[in-house]
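Note sheet for the following structure.
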Protein chains: 2
Amino acid sequence: MPIRLSSLFLRTLREDPADAEVDSHRLLVRAGYIRKNAPGIFTWLPLGLMVKAKIEKIVREEMANAGAQEVFFPALLPREPYEATGRWEEYGDNLFRLQDRKKADYLLAPTHEEVFTLLVKDLYTSYKDLPLCIYQIQNKYRDEARPRAGLLRGREFVMKDAYSFDVSDEGLAASYQAQRDAYERIFQRLGVEYAVVKADAGAMGGSKSEEFLNPSEIGEDTFVRSPGGFAANVEAVRFAVAADVDGSKNPAAETHPSPNTPTIATLVDYSNQAHPRASGPWSAADTLKNVVLALTSPEGKRELVVVGVPGDREVDQKRAEAWFGPNEVEAATEADFAKFPQLVKGYIGPVQAGAQFLGEKAASGIRYLLDPRIARGSAWITGANVDQHHVWNLTYGRDFEADGIADIAEIRAGDPAPDGSGPLELARGIEIGHVFQLGRKYAEALDLKVLDENGKLVTVTMGSYGIGVTRLVAVIAEANNDTNGLIWPEAVAPADVHIIAAGKDEEPFLAAEKLAAEAEALGLSAMLDDRQKVSPGVKFADAELIGVPWIIICGRGVADGEVELWNRRSGERVQVKLESAVAQLMAARS
Amino acid sequence: MPIRLSSLFLRTLREDPADAEVDSHRLLVRAGYIRKNAPGIFTWLPLGLMVKAKIEKIVREEMANAGAQEVFFPALLPREPYEATGRWEEYGDNLFRLQDRKKADYLLAPTHEEVFTLLVKDLYTSYKDLPLCIYQIQNKYRDEARPRAGLLRGREFVMKDAYSFDVSDEGLAASYQAQRDAYERIFQRLGVEYAVVKADAGAMGGSKSEEFLNPSEIGEDTFVRSPGGFAANVEAVRFAVAADVDGSKNPAAETHPSPNTPTIATLVDYSNQAHPRASGPWSAADTLKNVVLALTSPEGKRELVVVGVPGDREVDQKRAEAWFGPNEVEAATEADFAKFPQLVKGYIGPVQAGAQFLGEKAASGIRYLLDPRIARGSAWITGANVDQHHVWNLTYGRDFEADGIADIAEIRAGDPAPDGSGPLELARGIEIGHVFQLGRKYAEALDLKVLDENGKLVTVTMGSYGIGVTRLVAVIAEANNDTNGLIWPEAVAPADVHIIAAGKDEEPFLAAEKLAAEAEALGLSAMLDDRQKVSPGVKFADAELIGVPWIIICGRGVADGEVELWNRRSGERVQVKLESAVAQLMAARS
């Protein structure tokens, strides 16, 4: 049966919703696909549900092709399993927590590793039962601090989450690859552009992880790519420690007054004025900036660290969070500085900051970490730990040591890829999928063991694999629209063809009915604009807004046996014979 | 592709789970359909999900036939709309409430009248947009005091909830009928026995409501039926007030001591001893029992009422809750009695209990309500409001009045139906569907109005219609099993045929594969027990437990071209030719 606009629960809007920041949100609301109930919480109207169902169908088919079996977990879960893995705390404010009438703690699950693990533990006992991959398509909950951009960052959203269980690392690698391949097929079928990038495993734990990012200016993720094929989320990029340089000819370190130079720019200017260098002017890259960060552990313990980075680079907050996770990271506050008077703001140097000085541990107890670019043997202008003073030619390995590295400086276009595959370019993307080799973290925490071939208990190794189903609706809408509305790819459009009966005469309505019936008989789904007393202009505008890829207009030409076949994407409109219209449509479809 | 038991995520159990009270729970767990996560909260394993999906498909088809359109609401909703209708409070402890990180109040929706109403208000403005019926199949949440019987009373469960919107009462009646008809078709297709009974609208409000009950000994609902076609949930039965009787010849009321007679039984014994009656012995039916109930309003206000019922009947708690709803009802406590010393426990009579005495209002302020069976003019033995004293021949209308009726006494088999259609029989049932004419309650609370034909704003009238999808899985399992396991009706079975390869030889496995391929080619879904090193006995037991309606055994007979076709329900097993087995199965299916 065609979808009749005369009765479809739909109201298109001519105005953009006030709170819409991005095209997909704006157009999905205007075209009657979704409505907001609360920040990050949406209702799916009939058209939206049709698109969502098509995506789910493709996901299900490819999960079946990958040998994954569907199950369905509750969204409301007891605290205990998440307590056992530490995630009840780790999730912080992002977790919706509640109590039942007996004051027992529950949560709305943001992801289901724990209970999948327990389920397999409940059912399976032997290596013969594995490998296993099970998945669900289900509502997830995250209490985002800033739900935004419509469906792109919601608080209630639909995910496909799959979990694999293997005895061996090789088994895990194969299960991971099977899901990764399925993801590629899914995104290809959906016509969604994607980059697979190395990712930081973050709160999930585990050893290897990749993200599927849809390149987009509005993405919240930044990733890098090199001509030689390196691709990673910036959080996951790890640079090698620079090779030692010969510092034996470095001049001795000298401390000088440096009045009013609390910033790198003022310091560089002052250096070039007061201590010019023969080989050319000093630049920010010659300075060592010492940044004080406060780390807060999930248990609430606060620790200061000082990180030395080349003065021409900033610390990247997301890279810092990934490096120091699960700790939270922020710049040290005035209160932090007040506790450590040896940290002289604007003039901090590695020595007093906690670094080893000629083998001697400084008294502050604060760890001093270095950017991997700082080569042993290189000399720097840096703070002298005395107000309005800096030190010149302070040489790493000769004048100071560090407690370790911290690879948290910003990445810039042109930086060399860590694997030597050429200069990096930066791009933004929306995370649409994420695959993790979790390893044995969850199985250990929840004691999931099976008997191996020798009758010995071994801990199972796991993977987890997520696709944001509702987010994909937005991603597709974001990449497929113009000023007049949405333009769905054929694979997910709410209908295959949108047939408009235009005008007041009966003939176009009869022709439209006939074409809809014909199309449906051939297995196409038809949307039929059979509304009476609605002007052709409004019908055309609604068709463009709704975004079915093919439109047929039955208008005055019907009297001469002609209708118009309209390609929504190209805008091309051609006159075709009424009797061959559906055949031509079939031929034109990709 | 057949469902292969060699890889299916399944473990059948030989033992019943310790907490299972009913067959469906016991067998659905043992046969690997569901697993419990927390009280009333379950995970759906692959087999369970298949059955659930089949039910959902039938529900969707019949909703489409009834002209209802599918949408999908969040489960997590803000407090405000439920505050506007009073249900934020009314739901009491049954509502899961939580706060987000900004301390805003949210709930997990137990049902969605409010937000459906608001959605229609958002989209529609004119009578021309109506009638409209929209529905969803979605997770619901109720924090039941006693989650029990597996899926029968869960705390997270799946419901199909539909809502209709009309301008006129006639429109509502038609929308209601369309859903009611769809429900009958759904239950018929599912092979679920049902009775449609008049129901109490309860917390939903509204004017007319009917329940679909599946007759079952384990049901929590009690309903009555008469030979003449009357059918109602006991909560919804309303008896007419008894016609006046001639009390003019009643002896005068006399108060006498009645030592140690605080119960009806002791009072009847004492009466026959001390005050025998010429016309025959006194019985409990001659006494008027005055029950003190405490009502608590949703706002927490507590009020005592005294209800007079014939001494041979108890108060029915559910009928009392329905009658006095949305108040909660409990027996008055010692603390309540302490506040009203005029209520002499065991000896309470209508006069001091708050009833009017010869036109004079009693001082307590407590309302006195009477069972509708108490006829004006009838005489009673009842309490004298003095310790160890009763009064004989106290006549209603002569000696006391009441403030109203309370139709809350238990119903007994043989009681006359209120509509005169004969004696009532009582039965128990499980609520599987509920249809409500809500009327304008929600539209008024949330201001849902549309313009009528004359351009005048009119309030919309609504209906709501629910089916417990996950509960239906249990109801069907409950009605379709034997000592060996489940026996699914063909419409919802996880597969159409269960093909067993028995023994160690290769031939039965090859034959089973061939039959599975044949069956699938003909559009049947096959489950294939292709497990190696599993004994035929275990395979047969699993097949019976899992409950696919038809089983084909490929065993030693395969060498002679023969297999066994087994009807799971009748137990009949016949030898059939291998090459015609699938054809015979097709012919045998209903």
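Order of the sequence lines sets the chain letters (A, B, ...), proteins ahead of strands, with each chain counted from 1. Just so it is clear, the structure is predicted and the values come from calculations on it, not from any experiment. What's counted below: heavy atoms across the whole structure, side chains too, no hydrogens, waters or symmetry copies.
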Side chain from CB out, backbone as N, CA, C, O: work out which of these in [X] comes under 4.5 Å of a heavy atom of chain B, or both, or neither.
{"X": "Leu45(A)", "value": "both"}
{"X": "Leu108(A)", "value": "side chain"}
{"X": "Leu49(A)", "value": "side chain"}

Distance-only check: which donor-acceptor pairs of chain A and chain B lie under 3.5 Å?
from      : atom 1 : to        : atom 2 : distance (Å)
Ser7(A)   : O      : Gln69(B)  : NE2    : 2.7
Leu8(A)   : O      : Tyr124(B) : OH     : 3.1
Phe9(A)   : N      : Gln69(B)  : OE1    : 2.8
Arg11(A)  : NH1    : Asp122(B) : O      : 2.8
Arg35(A)  : NE     : Asp122(B) : OD2    : 2.9
Trp44(A)  : N      : Phe72(B)  : O      : 2.7
Trp44(A)  : O      : Phe72(B)  : N      : 2.9
Gln69(A)  : OE1    : Phe9(B)   : N      : 2.8
Gln69(A)  : NE2    : Ser7(B)   : O      : 2.6
Phe72(A)  : N      : Trp44(B)  : O      : 2.9
Phe72(A)  : O      : Trp44(B)  : N      : 2.7
Ala75(A)  : N      : Glu156(B) : OE1    : 3.1
Ala75(A)  : N      : Glu156(B) : OE2    : 3.1
Leu76(A)  : N      : Glu156(B) : OE1    : 3.0
Asn94(A)  : OD1    : Arg101(B) : NH2    : 3.0
Asp100(A) : OD2    : Arg155(B) : NH1    : 2.9
Arg101(A) : N      : Asp143(B) : OD2    : 2.6
Arg101(A) : NE     : Asp143(B) : O      : 2.9
Arg101(A) : NH2    : Asn94(B)  : OD1    : 3.0
Arg101(A) : NH2    : Asp143(B) : O      : 3.1
Tyr106(A) : OH     : Arg155(B) : NH2    : 2.5
Asp122(A) : O      : Arg11(B)  : NH1    : 2.8
Asp122(A) : OD2    : Arg35(B)  : NE     : 2.9
Tyr124(A) : OH     : Leu8(B)   : O      : 3.1
Asp143(A) : O      : Arg101(B) : NE     : 2.9
Asp143(A) : O      : Arg101(B) : NH2    : 3.1
Asp143(A) : OD2    : Arg101(B) : N      : 2.6
Arg155(A) : NH1    : Asp100(B) : OD2    : 2.9
Arg155(A) : NH2    : Tyr106(B) : OH     : 2.5
Glu156(A) : OE1    : Ala75(B)  : N      : 3.1
Glu156(A) : OE1    : Leu76(B)  : N      : 3.0
Glu156(A) : OE2    : Ala75(B)  : N      : 3.2

Testing the basics here: between [X] and [Y], what is the closest heavy-atom pair and its distance to 0.1 Å?
{"X": "Pro46(B)", "Y": "Leu8(B)", "answer": "CB-CD1, 3.9 Å"}
{"X": "Ala526(B)", "Y": "Ala495(B)", "answer": "C-CB, 4.1 Å"}
{"X": "Pro494(A)", "Y": "Leu47(A)", "answer": "CB-CD2, 4.0 Å"}

Would you compute the distance between atom [atom1] of [X] and atom [atom2] of [Y] and round it to the nearest 0.5 angstrom?
{"X": "Ile546(B)", "Y": "Leu10(B)", "atom1": "CD1", "atom2": "CG", "answer": "5.0 Å"}
{"X": "Leu132(B)", "Y": "Leu119(B)", "atom1": "CG", "atom2": "CG", "answer": "9.0 Å"}
{"X": "Leu528(B)", "Y": "Ile3(B)", "atom1": "CG", "atom2": "CD1", "answer": "10.0 Å"}
{"X": "Leu446(B)", "Y": "Leu118(B)", "atom1": "CG", "atom2": "CG", "answer": "4.5 Å"}

- [ ] Might you work through the side-chain contact (heavy atoms from CB on, under 4.5 Å) test for Leu123(B) and Phe9(A), ending with a clear yes or no?
- [x] CA-CA 8 Å; Leu123(B) 266 66; Phe9(A) 183 48; 3.7 Å; yes
Chain A heavy atoms under 4.5 Å from [X]: which part of the residue, side chain, backbone, both or neither?
{"X": "Phe42(B)", "result": "backbone"}
{"X": "Ala104(B)", "result": "neither"}
{"X": "Leu77(B)", "result": "side chain"}

Task: side-chain contact (heavy atoms from CB on, under 4.5 Å) between Val120(A) and Leu448(A), worked out - done: CA-CA 8 Å; Val120(A) 173; Leu448(A) 169 59; 4.2 Å; yes
Task: Residue selection (most heavy-atom pairs with chain B, distance under 4.5 Å) from Leu76(A), Leu98(A), Val115(A), Ile41(A) - done: Leu76(A)
